[in-house]
Amino acid sequence: MPIWNAEYESMERPLLRELQLRRLQAMVSWTYERVEHYRRALDALGLKPRDIKRLEDIERLPFTDKQTMRETYPFGLFAVPLDEVVRIHSSSGTTGKPIVVGYTKGDLATWTELTARIASAAGVVRSDIAQMAFGYGMFTGGFGMHYGLERTGATMIPASAGNTERHIMMMQDFGTTVLVSTPSYALYIAEVGEKMGVDFSQLPLRLGLFGAEPCSEAARREIENKLQIRVTDNYGLSEVMGPGVSGECECQCGLHLNEDHFLCEIVDPITGETLSPGEMGELVITPLTKEAFPVLRYRTHDLTRISSEPCECGRTLARMEKVRQRTDDMLIIRGVNVFPSQIEDVVFKIEGVRPHYLIVLDRKHGLDDIELRIEVAEEVFSDIMADMLAFTRHVSERLHSVLGLNVKVTLVEPGSIERSAGKAKRVLDRREGC
Ligand code: DLL
């Protein structure tokens, strides 16, 4: 497959590092001169932009987190006057004020270039017909991927999220070849299609560009089988741009980071110390070319590891492992640390379990209670009904052996767990204060 921008995506790594250093120096000056918050934070550390002499000096810079972004709501971290801002996006703000991010014309041009790279690396070509199932709105997914896909020359169908039957009708009538969505919505589209009697193997659909939430290998395989497509993963977050940070190439062995635009570090999530290359930790991102909303060392809370080993595709950009866990989605249940992805990995390996589940947490008599609601495939549901107890006990034992916790397992009817047109909600925490 040709590389979208070989000059940068296949740059020799020593040259890439030189470019990163130059851009980092310019970015630190830009933020210091234009954003009060960063000027104060650097001054408090006795640091000046000229102190950044090597890439490693990034470790001397302060971290930025969501809290800072909330405190400066809505435009306090913008580095340009609103006159120069041509677009605003924001997080959903379900837990307080949303985080607002802005883009200049130049930022939008960069964003388009980077999402075009992601689409192209995943295998999109100009003859493709791409159907957007991310929402267009304050969420960065829809608009972000839209312009990149258009830039590749593919035909865009801006369908947006929801209205699943219409999605399926358009796939059939327009000959859609690429679906752009969250993996959980893709699963739902498959499910609705099945009910409508659609044979996806007869449709031209061939490729999925999925992101915005974790996707286990089991879910990936299920989508591949059901929709008869190749599933690719791409990653990003609003605070540093949106989609366009990293994405899989055809080798599907990690997500290439657009390192000419993002300087990435892996730190210990507790101490903030930089970890050695290849170690698993929290991803910290410093965008190197942002104009309106520059950010220094953003703590993503996403856990991954980075490898700069060469990739067979010819790109020299380092690869990050798929993100499966966030430091802040760790649940503490009776003192035991549990990630939803651990539960998912156990149950998805059990024959007949569908990739739809909900973890429900309660506190009874001062003690945490964990219930796992899972769906099983229609065809096994009735067989299992006969031996429901044995089946739930089996799942519960498997969970106990991995987590060391007693999990109450409840089988629910196929289709009864709420489906989402965006990011799936996997945890319902009903404990006090949650
Ligand atoms: O989800 C941006 C995006 C849109 C990326 C479309 C890819 C495709 P936010 O809504 O700000 O932005 O959410 C960012 O979502 O910190 C991760 O925890 C999670 N996330 C995003 N992509 C992936 C992925 C967009 N491929 C947060 N795998 C991030 C796992 C992901 N988690």
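Note that the coordinates shown come from a computational prediction; the quantities given were computed from them, not determined experimentally. Note that ligands are numbered from 1 as they come in the structure, with each ligand's atoms numbered from 1 the same way.
If you number the atoms of ligand 1 from 1 as listed, the ones under 4.0 Å from a heavy atom of Gly141 come out as 4 (C), 6 (C). Of all the atoms in ligand 1, the ones that sit under 4.0 Å from a non-hydrogen atom of Phe139 are 1 (O), 4 (C), 10 (O), 25 (C). Below 4.0 Å from some heavy atom of Phe134 lie the following atoms of ligand 1, by number and element: 6 (C), 8 (C). Heavy-atom proximity to Asp233, at under 4.0 Å, picks out these atoms of ligand 1: 24 (C), 26 (N). Close contacts between ligand 1 and Thr140 involve ligand atoms 2 (C), 12 (O) [criterion: under 4.0 Å to a heavy atom].
Residue Glu165 qualifies as open at atom CD: its count of foreign heavy atoms under 6.0 Å is 12 or below.
In this pair, Phe143 and His89 present their aromatic rings tilted. The plane angle is within the 30 to 60° band.
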Let me see the working for Leu187 and Glu222 under side chain to side chain contact (heavy atoms under 4.5 Å, CB included), right down to the final yes or no. CA-CA 8 Å; Leu187 266 174; Glu222 171 120 356; 3.5 Å; yes
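Ranking protein heavy atoms by distance to atom 24 (C) of ligand 1, first place goes to Glu213 O, 3.6 Å. Looking only at heavy atoms of the protein, atom 11 (O) of ligand 1 is closest to Ser238 OG, 2.6 Å. In this structure, the protein non-hydrogen atom closest to atom 22 (N) of ligand 1 is Ala212 N, 3.1 Å. Taking atom 8 (C) of ligand 1 as the reference point, the nearest protein heavy-atom neighbour is Asn234 OD1, 3.5 Å. Shortest contact from atom 16 (O) of ligand 1 to any protein heavy atom: Asp302 OD2, 2.6 Å. The protein heavy-atom contact nearest to atom 25 (C) of ligand 1 is Gly236 O, 3.5 Å.
To the nearest 0.5 angstrom, Glu291 atom CD is 6.5 Å from Thr110 atom OG1. Atom CG in Leu42 sits 9.5 Å away from atom CZ in Arg60 (nearest 0.5 Å).
Using a non-hydrogen distance threshold of 4.0 Å, Met145 does not register as a contact of ligand 1. Heavy atoms of Pro214 approach ligand 1 to within less than 4.0 angstrom.
Partner of Asp368 under the salt bridge (charged side-chain N to carboxylate O under 4.0 Å, His left out) criterion, out of Arg334, Arg363, Lys408: Arg363 alone.
Here the closest non-hydrogen pair linking Thr177 and Asp128 is OG1-OD1, 2.6 Å.
Using a 3.5 Å distance cut-off with no hydrogens or angles, the side chains of His261 and Thr289 do pair a donor with an acceptor. Using modelled atom types and a 3.5 Å distance limit, the side chains of Glu344 and Ser216 yield a donor-acceptor pair.
Counting heavy atoms closer than 4.0 Å to ligand 1, residue Arg326 contributes side-chain atoms (C-beta onward) but none from N, CA, C or O.
Here atom 9 (P) of ligand 1 lies nearest to Lys423 when heavy atoms of Met320, Lys423, Glu248 are compared.
Proximity of a side-chain donor or acceptor of Arg315 to a complementary backbone N or O of Ile3 within less than 3.5 Å is not detected.
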